[in-house]
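Notes to accompany the following structure.
Proteins get letters first, then strands, A, B, ... in listed order; numbering begins at 1 in each. Because only heavy atoms are used, hydrogens play no part in the values below, and waters and symmetry mates are left out as well, while side chains stay in.
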Amino acid sequence: MATEQMAGAEMIIKALGDQGVDVVFGYPGGAVLPIYDALFKQNHLRHILVRHEQGAVHAAEGYARSTGKVGVVLVTSGPGATNAVTGLTDALMDSVPLVCLTGQVPTHLIGNDAFQEADTTGITRPCTKHNYLVKDVNDLARILHEAFHVARTGRPGPVVVDLPKDVLFALGTYRGPETVQHKTYRPQVTPDAARIDEAVALIAAAKRPVFYGGGGIINSGPRACALFAELVRITGYPCTLTLMGLGALPASERQFLGMVGMHGTYEANLAMHGCDLMIAVGSRFDDRVTGRLNAFSPHSKKIHIDIDPSSINKNVRVDVPLVSDAGNALEAILAGLKARRFKPNQEALAAWWKEIEGWRARDCLAYVGTDKVIKPQYAIERLYQLTRGRDIYVTTEVGQHQMWAAQFFKFEQPCHWMTSGGLGTMGYGLPAAVGVQIAHPDALVVDIAGEASILMNIQEMSTACQYRLPVKIFILNNQYMGMVRQWQELMHGGRYSESYSAALPDFVKLAEAFGAVGLRATRPEDVDRVIKEMLAVDKAVIVDVAVDEHENCFPMIPSGAAHNEMLLGPEDKKAAGPVSEEGMVLV
Amino acid sequence: MSAIEKHTIAVLVDNEPGILARVVGLFSGRGYNIESLTVTETDRANSLSRITVVTSGTPMIVEQIKAQLSRLVPVHAVRDLSAEGPHVERELALIKVAGTGEKRIESLRLADIFRARVIDSTIESFVFEMTGSTEKLNAFINLMVPLGLVDVSRTGVVAISRGAARF
Ligand SMILES: Cc1ncc(C[n+]2csc(CCOP(=O)(O)OP(=O)(O)O)c2C)c(N)n1
Ligand SMILES: [Mg+2]
């Protein structure tokens, strides 16, 4: 193997190339100037200049989640690194593979409160899967290759590599990725055979089963999604998905019950509550899914497939833990079922489905339409209908609009839905859309946004315009931080403290100021027209849709309540009475 | 609620900068308990350190602690010595007692019974060195209080499994 001498900054470009990276999202500054200089001198690596480092990280997340590749970020020391922290935390919570290169003051100044110094490895330790401070240029290539390996394998996550400026100038020896083997890090990716047998036996014997799939299936890749769909089909069992898992099973599948959790469907939550076997695949029993823990699915056995052992038995005790890559575990289960010539218990299953169809018939997502104001649900339904058949990627901000998007948009494929699930980061959707559009230049990329969230990273409009990215920002403008308002209505006596979106900009003019196109809909009959206009323009577009200010997002499991205590609409709210004391303290 | 259990956990880690901060940050960030923690390099050739941490929690929390520790990238292995069979635990303490006359003589007599060694003395003080279980050290230190205890320095628990098995 040939080793080459080169400067640290060149080594970085070389390592990124060897890792198959073709695009970096970044923002320059003093500490990373040598890397920007090396970028200038080459032409295989593309750099996308964002307008805020948080935007760089979310863009890299959008890129990563829509391609399955590692997203790469490059930021300067001090404020560059601290601005990246929200994005890193977001990526950690949602298991998104990223490598974030941060500049650092030269090694001899570390600890001196030098200009633009921050303790980046200290600050990012709890919000990364792992991080490194490179003190010797001869460790640089190994660390970079390790960083990619750690980011993309096991449960994926963000990795920070902190780069003192002197290391970028120093000459050292480059090594290729094939020379690097991590000393300790060996995620378990194949399941224990005895556990698989137990799982197969439970699946074969189930009478009221439900599949509960999450983002881990999507992270595992297209093979895992296909195997998951196959398992769901050959069993005939009902299936629900988490917010992060949408698309792991085509939404049009009869067996799909819709999303689970706080704003999930009635049938999905009641199936989770009433099942005798729960098969969790790449999902993590998050509090948004389980509701009140001591009332969560009280009569079921639980199988849990997860690549992260610390996700198992964290919130909910399970009967069959399976530490494994989702694809490998699903393959083994399918083989096990075939080997025992599995036939589902048709009689029991028919009775179970009958019960589920009863819940389905409640049509829990129904809303009261009107021709006076635009209902937010209607706007999303129309967006979905008018974009069917297109290669569409949807990102969101955070709030009611996000939940409505999850409820009303139907995803047939994985990796086409990007939302901030674990952290719930307002300001995620626009930069994520930028990243998705960079990865898929010809696709339709829509950010379903709220008027409050969009202002958190609105500067990325400038990035979209610079690179002529035709991202579509579809704002459901209810003039409120709607989700906050909804909770205040439900739990704080309707005292709408600071949740009104006052002094909003004119979004049409704002779009124009950035060089994009602005459109507005104020009446139901405008909706189709603006969507069609939006689709017809080959430029970035902001659509300001003035929706009903008072609409609330249902169904809802109030915090501290159980799956079978869902509110289906405003009438239930009055009947259910006040939220419990324990529920009030929950987020 | 299940009962709180005390566990002694040994963790083999790469001896690299920041590893202790990672482990300690994990405990503080997730609200786990640290009763004692010791660390030092134990394998120079492979640059490995061994951390012994005594923690407490419900069985589910202890299981989480082990899973979270194993998840840290520079961690080689995690052993729950309390759960995995017989092991021995020892702690070392340096105990300074100042006084004269009868109290001074009594402290020396007790030190002898407890097999503590005198490793420094002046006319009015002793420093005792003592190794043993945490309980034994506690008992001795409590006895020294009325006899002029002025200072204590303790290592925290180190532990190892019994028998021939490797880590
Ligand atoms: C960075 C950040 N700050 C605060 C919050 C808390 N929060 C959650 S939803 C929400 C309101 C979002 O309002 P908007 O974007 O208008 O969406 P809507 O709920 O009205 O659809 C707020 C403030 C958050 N999730 N993220
Ligand atoms: Mg709003």
Note to self: Can you tell me if A:N294 has over 12 outside heavy atoms packed within less than 6.0 Å of its CG?
What the structure shows: yes
Fill in: Note, B:K66 side chain near A:P309 side chain (heavy atom, < 4.5 Å)
no
Okay, B:E63 and chain A: the region with an atom under 4.5 Å from a heavy atom over there is side chain
| message | Check this for me: B:K136, atom NZ, are more than 12 non-hydrogen atoms of other residues, nucleotides or ligands nearer than 6.0 Å? | response | yes
Heavy atoms from other residues, nucleotides or ligands near CD1 of A:I123 exceed 12 (cutoff 6.0 Å)
yes
Whatever's closer than 4.5 Å to a heavy atom in chain B on A:R186 counts as neither
Report yes if some heavy atom in the side chain of B:V73 is under 4.5 Å from a heavy atom in the side chain of A:E146; otherwise report no.
-> no
Is it the case that atom CZ in B:R115 sees more than 12 heavy atoms from other parts of the structure closer than 6.0 Å? no
A:K302 atom NZ, neighbour heavy-atom count above 12 within 6.0 Å:
yes
From the list A:N131, A:I312, A:L133, A:V150, the residue making the most non-hydrogen contacts under 4.5 Å with chain B is A:N131
The reported gap from OG in A:S310 to CG in B:L26 (rounded to nearest 0.5 angstrom) is 9.0 Å
Side-chain donor or acceptor of A:T184 paired with backbone N/O of B:D14 under 3.5 Å:
no
Honestly, the part of B:V13 sitting under 4.5 Å from a heavy atom of chain A is neither
Looking only at heavy atoms, the pair that brings B:H76 and A:K183 closest together is CE1-O, 4.4 Å
Under 4.5 Å to a heavy atom of chain B? For A:N315 that would be backbone
Distance col, row A:D308:CG vs B:R71:CZ, nearest 0.5 angstrom, shows 4.5 Å
Nearest heavy-atom approach of B:A21 to A:R125 is CB-NH1, 3.0 Å
